[in-house]
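Remarks on the structure that follows.
We number each residue from 1, following the sequence as shown.
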Amino acid sequence: MAMLCLLTWVFSLALITPATAERKNVLMILVDDLRPQMNAYGHSFMHTPNFDRLANTGLTFNRAYITYSYCSPSRNSFMTGRWPDRTQVFNFIDDFREAGVGANWTSMPQHFKNNGYLALAAGKTFHVGHPAAYDTPHSWSEQYPYVSPGQCDPASQNSSYVNCVPGTGQCNDTKAIIKKDTEGGDWCVYNESKLKVPLYDRVIADASVKHLELAAQSGQNFFVAAGFHRPHLPFAVPEPFFDLYPDASELPGPKFPNVTINAPLVAWHGGLHGNSFNNSLPDIQSQKLRKGYYAAVSYTDSLVGQLLDKLDELNLTSNTIVALWGDHGWQLGETNLWKKMTNYERGTRVPLFIRAPWKSNSIGIKTSALASSVDMYKTLASLAGLPEPEATVQGQDLSAILDQPPLTGTGINSYAFSQFAKQRISDGNPFGVCTQCQRNQIDFMGYAVRDDLFRYVLWVHWNKTSLLPIWTNIEGEELYPHDNDHGDDFDAFETINLVHASKYQSDRQRLQAVVIDHFSHDH
């Protein structure tokens with residue numbers, strides 16, 4: 001009998017495939033509104049030791065882009081590995097789980113969960129309410145609730161799978177505020193010890209540390225996700241991080257604060273403090289907002305450091321993939337634009353770090369390879385040793401780049417694509433950003449492509465019945481050269497639209513054809 005048991009045990013070991021035996025863990029860190037504003041991307045005045053730590057121990061993508069420069073559409077896209085025209089999410093109303101869209105799709109964390117991983121999350125992974133209750137229980141392991149401080153949709157509040165905990169996310173705890181924005185309420189400095197309840201991101205970091213501990217205790221492979229809010233507005237940060245930077249009056253404002261020359265009006269949107277198409281913010285307002293943003297980036301950097309420290313403490317670093325990226329870019333007054341919600345480089349480009357310690361050729365390297373957030377599903381699954389995702393997952397597997405990261409050229413992807421919907425309105429900013437407009441209320445869709453040397457944007461009218469672009473009805477075009485763009489100067493490019501310049505007509509025609517071909521096959 002003992003011999004039979006021994007043989008059974010040996011036979012069961014033989015059934016374990018090499019991929020199963022060598023599977024890696026994943027720590028996915030998502031940061032809201034994070035542009036590549038850090039030392040690792042050439043901004044040496046920034047205090048970002050932990051982002052830099054990831055850069056020094058992993059691979060930095062210098063040209064990574066999201067598919068849609070708005071929270072919910074972007075997250076529905078990369079969390080499912082589908083382009084926005086496939087998810088049909090262009091607003092803060094819809095989500096991919098709708099009947100007739102992707103009700104039966106397997107999301108990225110769900111793919112890990114289905115393959116035996118403990119899938120745990122805290123904070124903003126999916127956008128709150130889209131899908132409902134952060135897509136629990138589909139995407140996340142049921143035994144430990146999803147942790148969401150301060151932001152819970154009705155489904156989350158009524159779900160046993162979501163722990164809606166208190167958190168401070170606004171500038172409203174007046175007794176703890178040391179100083180604040182008196183012009184628009186967009187930033188404040190907290191004495192953290194006086195807060196009635198902790199800041200959102202402090203709660204998320206603490207919950208994520210606990211998730212790593214639970215995962216280590218479980219003995220399972222894990223997929224742990226932490227979604228930080230800052231530097232999303234308002235820039236509510238503890239005082240030590242605000243004090244890392246000089247007085248706002250000493251910080252440079254945007255070098256080109258006016259709208260992009262010759263850009264179509266549909267490409268612009270209103271931003272902060274009542275700026276208008278012809279009137280940018282006064283320098284001191286821009287400088288104060290910039291200081292708030294920088295402080296918020298440094299605050300989140302410190303929380304990222306807590307997670308990296310915990311991996312070290314638990315001896316999990318050597319077999320854990322760490323992937324960190326932003327859900328979209330951010331504009332800080334350049335070309336009179338604030339926030340996200342554009343097809344410009346600043347609105348679509350994000351930091352992307354992938355650390356896989358066993359990929360020695362990637363350590364400390366900054367690659368020129370083009371990457372898209374829609375690629376992350378296949379890439380993380382491949383690096384972890386999982387089977388390929390379902391056939392309808394889009395994007396590219398970029399894992400091979402970690403073996404031989406290109407220092408020039410685009411790598412696996414020849415192009416990076418994004419898009420953005422607009423609605424015609426009449427409140428002084430004639431094109432709205434469709435936060436709450438239905439799919440059949442969209443008037444225009446802007447489709448953008450970035451290649452090695454150019455960004456091209458094609459704005460076309462939208463068919464409200466078929467929900468498809470009308471390629472022959474063009475509202476506007478944009479073309480911006482990016483030769484000699486090293487990614488470390490937010491002011492140097494896209495200040496003049498050169499779509500009609502004679503020297504670029506062949507590039508215009510070539511990239512227009514690329515856009516139409518790509519997005520025509522995406523529906």
Requested in this report: Identify which one of Phe444, Trp471, Phe90, Phe420 satisfies the ring pair (Phe, Tyr, Trp, His ring centres under 6.0 Å) criterion when paired with Trp462.
Outcome: Phe90
Query - Given Tyr344, Phe493, Tyr504, the one that forms ring pair (Phe, Tyr, Trp, His ring centres under 6.0 Å) with Tyr480 - result: Tyr344
Side chains of [X] and [Y]: closer than 4.5 Å at any heavy-atom pair?
{"X": "Trp187", "Y": "Lys291", "result": "no"}
{"X": "Tyr293", "Y": "Leu332", "result": "yes"}
{"X": "Val514", "Y": "Phe417", "result": "yes"}
{"X": "Ser286", "Y": "Ile284", "result": "no"}
{"X": "Asn440", "Y": "Leu467", "result": "yes"}
{"X": "Ser72", "Y": "Asn91", "result": "no"}
{"X": "Arg97", "Y": "His130", "result": "no"}

Determine, using ring centers only, whether [Y] and [X] are less than 6.0 Å apart.
{"X": "Phe78", "Y": "Trp325", "answer": "yes"}
{"X": "Trp330", "Y": "Phe490", "answer": "no"}
{"X": "Phe519", "Y": "Tyr447", "answer": "yes"}
{"X": "Trp338", "Y": "His269", "answer": "no"}
{"X": "Tyr146", "Y": "Tyr134", "answer": "yes"}
{"X": "Tyr68", "Y": "His328", "answer": "no"}

Minimum heavy-atom separation for [X] and [Y], please, with both atom names.
{"X": "Ile204", "Y": "Phe228", "value": "CG2-CE2, 3.8 Å"}
{"X": "Val89", "Y": "Pro73", "value": "O-CB, 3.2 Å"}
{"X": "Pro406", "Y": "Ile401", "value": "CD-CG2, 3.9 Å"}

Can a donor-acceptor pair be found between the side chains of [X] and [Y] at a distance below 3.5 Å?
{"X": "Asn62", "Y": "Ser368", "value": "no"}
{"X": "Ser276", "Y": "Asn278", "value": "no"}
{"X": "Arg455", "Y": "Thr348", "value": "yes"}
{"X": "Ser280", "Y": "Asn275", "value": "no"}
{"X": "Gln419", "Y": "Asp85", "value": "yes"}
{"X": "Arg75", "Y": "Thr125", "value": "no"}
{"X": "Ser139", "Y": "Ser107", "value": "yes"}
{"X": "Ser156", "Y": "Asp153", "value": "yes"}
{"X": "Trp268", "Y": "Thr335", "value": "no"}

Report task. Give the intermediate values and the outcome of salt bridge (charged side-chain N to carboxylate O under 4.0 Å, His left out) for residues Arg63 and Asp485. Result -> CA-CA 10 Å; Arg63 297 192 294 182; Asp485 183 356; over 6 Å; no
Less than 4.0 angstrom from a charged side-chain N to a carboxylate O is my criterion; do [X] and [Y] meet it?
{"X": "Lys340", "Y": "Asp33", "answer": "yes"}
{"X": "Lys288", "Y": "Asp181", "answer": "no"}
{"X": "Glu345", "Y": "Arg35", "answer": "no"}

Query raised in the report: Passes ring pair (Phe, Tyr, Trp, His ring centres under 6.0 Å), His127 versus Phe92? Steps please.
Result: CA-CA 9 Å; His127 189 77; Phe92 285 22; 4.6 Å; yes
Query - Pairing residues for Asp507 by the salt bridge (charged side-chain N to carboxylate O under 4.0 Å, His left out) criterion, not counting sequence neighbours - result: Arg510
N/O donor to acceptor pairs below 3.5 angstrom from side-chain atoms of residues 253-261, sequence neighbours left out:
residue: Thr260; atom: OG1; partner: Glu494; partner atom: O; Å: 3.0

Requested in this report: Quick one: which residue pairs count as a salt bridge (Lys or Arg N to Asp or Glu O under 4.0 Å) with a foot in residues 465-484, not counting sequence neighbours?
Outcome: Glu477-Arg508
Report task. Determine, step by step, whether Arg424 and Asp443 satisfy the salt bridge (charged side-chain N to carboxylate O under 4.0 Å, His left out) criterion, reporting the C-alpha distance in whole Å, the side-chain angles of both residues, the deciding distance to 0.1 Å, and the verdict. Result -> CA-CA 6 Å; Arg424 194 187 298 279; Asp443 290 306; 5.3 Å; no
Report task. Could you tell me whether Glu142 atom CD has more than 12 heavy atoms of other residues or ligands within 6.0 Å of it? Result -> yes
Query - Geometric class of the His111/Tyr377 ring pair [parallel <30°, tilted 30-60°, perpendicular >60°] - result: tilted
